[in-house]
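Computed from a predicted structure; not experimentally measured. Here is the naming used below: chain letters follow the sequence lines, and residue numbers restart at 1 for every chain.
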Number of protein chains: 2
Amino acid sequence: MNPLSLSNQLCFPFYAISKEISKRYRPLLAPLNLTYPQYLVMLVLWEQDFIPLKTIGERLQLDSGTLTPLINKLIELGYVKKTRNPDDERQLVITLTEKGGTIKEDAMEIPAKINEVLGLDEEEFIRYRQLLDELACRLNLSAGDDC
Amino acid sequence: MNPLSLSNQLCFPFYAISKEISKRYRPLLAPLNLTYPQYLVMLVLWEQDFIPLKTIGERLQLDSGTLTPLINKLIELGYVKKTRNPDDERQLVITLTEKGGTIKEDAMEIPAKINEVLGLDEEEFIRYRQLLDELACRLNLSAGDDC
DNA sequence: TATATTTAAGTTGTGTGCAATTTAATTTTA
DNA sequence: TAAAATTAAATTGCACACAACTTAAATATA
């Protein structure tokens, strides 16, 4: 057994599947003019508006080098705006615009469509998510850390 | 239950775990001066040398826009070289240099180290791989297609 | 066999992803 | 309280990832 064989490593299927998933999101996100990472930022904001850039970065594991241009793009699209925390001028606080709030309605359709596109039923979805959550815990990627 | 919540989607854990895995590869690959995608190309070549660029792209699901500069970097590192198929001058055939063959010995250490870094024992490794293989099949990402 | 079509790489442009550095604001501490 | 350390964004530079397009070679077909 060759340990270097692609088929004998975890890394490659993870890499390939992850790329494939974001590829299948692309046509669903196109009507909203969002890329997959931009959509993730919007998900964070729809869950909690008026949030520091720092916190978005912690949730998504992204640094300012990635987020700064991404947020600028979302501003250009008219979905968010930047404010500063008056108590700490270093902090950039991101808020949804009205338009950014409105497209949430369209985005609500996406999770169901994605499961369809991925060909997963409810049971499979839950099974995969459990395994991923478990692995995320093991890699210390969980927010809650109750694992 | 909010369907748009990060924690209720498959996409995000996949995205986060995939990034985390390649992050954990980075220090292991640094001594070889390889990035993670470059390492994947080397894995393909160590499995089968003298292979068309096209075929590498099919294995890794990457197009020439990604592979051309990546291969140029591997040439710069002295690990591979380009030749043309004399029977079809369109085809670029990639071959390992002596140096590219030699570093395979160092790379042999990596799979074991990665499982250690990810904190997975043999049993868990197999369990995760089965699930990923299953999902890859379902997404039509498998070469064999026997699923 | 000349023309059209297809195919393989390469090129260009946009958008991440991340390391390393810079800038400005805040906090620590000497 | 002035200087040092820390913190949050922004900037710079490099390397993917991929869509769209170009170029050159091979194949198909009229």
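The pair A:Glu124-B:Arg138 meets the salt-bridge criterion, since a charged nitrogen lies less than 4.0 angstrom from a carboxylate oxygen. Salt-bridge formation is not detected for the pair B:Arg127/B:Glu123: no Lys NZ or Arg NE/NH1/NH2 atom is positioned less than 4.0 Å from an Asp or Glu carboxylate oxygen.
Other residues, nucleotides and ligands contribute only 12 or fewer heavy atoms inside 6.0 Å of the NZ atom of A:Lys23.
Residue-level contact check: B:Lys73 touches the backbone only, with heavy atoms under 4.0 Å from sugar-phosphate atoms and none from bases. Residue contacts shown for B:Leu67 are absent, as no nucleic acid heavy atom lies under 4.0 Å away. If you check every strand for non-hydrogen atoms under 4.0 Å, A:Asp88 touches sugar and phosphate atoms only. Within 4.0 Å of A:Glu58, counting heavy atoms only, lies no atom of the nucleic acid at all.
Of the two residues near DNA chain D, B:Pro69 and A:Arg26, the one whose nearest nucleotide lies more 5' is B:Pro69. Residue-to-nucleotide proximity on DNA chain C shows that, of A:Leu62 and B:Arg84, the 5′-proximal contact is made by B:Arg84. The residue among B:Tyr15 and A:Asp87 whose nearest nucleotide of DNA chain C is located toward the 5' end is B:Tyr15.
When the side-chain nitrogen and oxygen atoms of A:Thr35 are compared with OP1 and OP2 of C:dT16, one or more of them lie within a distance under 4.0 Å. Checking the phosphate oxygens (OP1, OP2) of C:dG10, a side-chain nitrogen or oxygen of B:Thr68 falls inside 4.0 Å. For B:Lys19, a side-chain nitrogen or oxygen approaches OP1 or OP2 of C:dC18 to under 4.0 Å.
The distance between atom NZ of B:Lys82 and atom P of C:dA8, rounded to the nearest whole Å, is 16 Å. Here the P atom of nucleotide C:dA9 and the CD1 atom of B:Ile71 are 10 Å apart, to the nearest Å. When rounded to the nearest whole Å, the span between CG of A:Leu74 and C1' of C:dT16 equals 13 Å. Between the CG atom of B:Asp63 and the P atom of C:dG13 there is a distance of 17 Å, rounded to whole Å. Here C:dC18 presents its P atom at 16 Å from OH of B:Tyr25, a figure rounded to the nearest Å. Distance, A:Gln61 CD to C:dA19 P: 12 Å, rounded to whole Å. Taking atom OH of A:Tyr36 as the reference point, atom P of C:dT16 lies 13 Å away to the nearest angstrom. Between B:Arg24 atom CZ and C:dC18 atom C1' the separation is 16 Å, expressed in whole Å.
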| said: Does A:Tyr128 form a side-chain hydrogen bond (donor to acceptor under 3.5 Å, both in side chains) with B:Glu134? I'd like the steps, not just the answer. | reply: CA-CA 10 Å; A:Tyr128 285 121; B:Glu134 193 186 308; 3.1 Å; yes
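Annotation: side chain of B:Gln38 is in contact with side chain of B:Leu77 (closest heavy-atom distance under 4.5 Å).
Note on ring orientation: taking the six-membered ring where Trp is involved, the planes of A:Tyr36 and B:Tyr15 are perpendicular (angle over 60°, cut-offs 30° and 60°).
B:Val93 belongs to a hydrophobic cluster whose other members, connected by ILVMFWY side-chain contacts under 4.5 Å either directly or through intermediates, are B:Phe50.
Judged by distance alone, with hydrogens and angles left aside, the side-chain atoms of A:Arg84 form a donor-acceptor pair with the main-chain N or O of A:Arg90 at under 3.5 Å.
One N or O donor and one acceptor, one from the side chain of B:Ser64 and one from the base of C:dG10, sit under 3.5 Å apart.
If you walk DNA chain D from 5' to 3' and mark each nucleotide with an atom closer than 4.0 Å to a heavy atom of chain A, the marks span D:dT7 to D:dA19.
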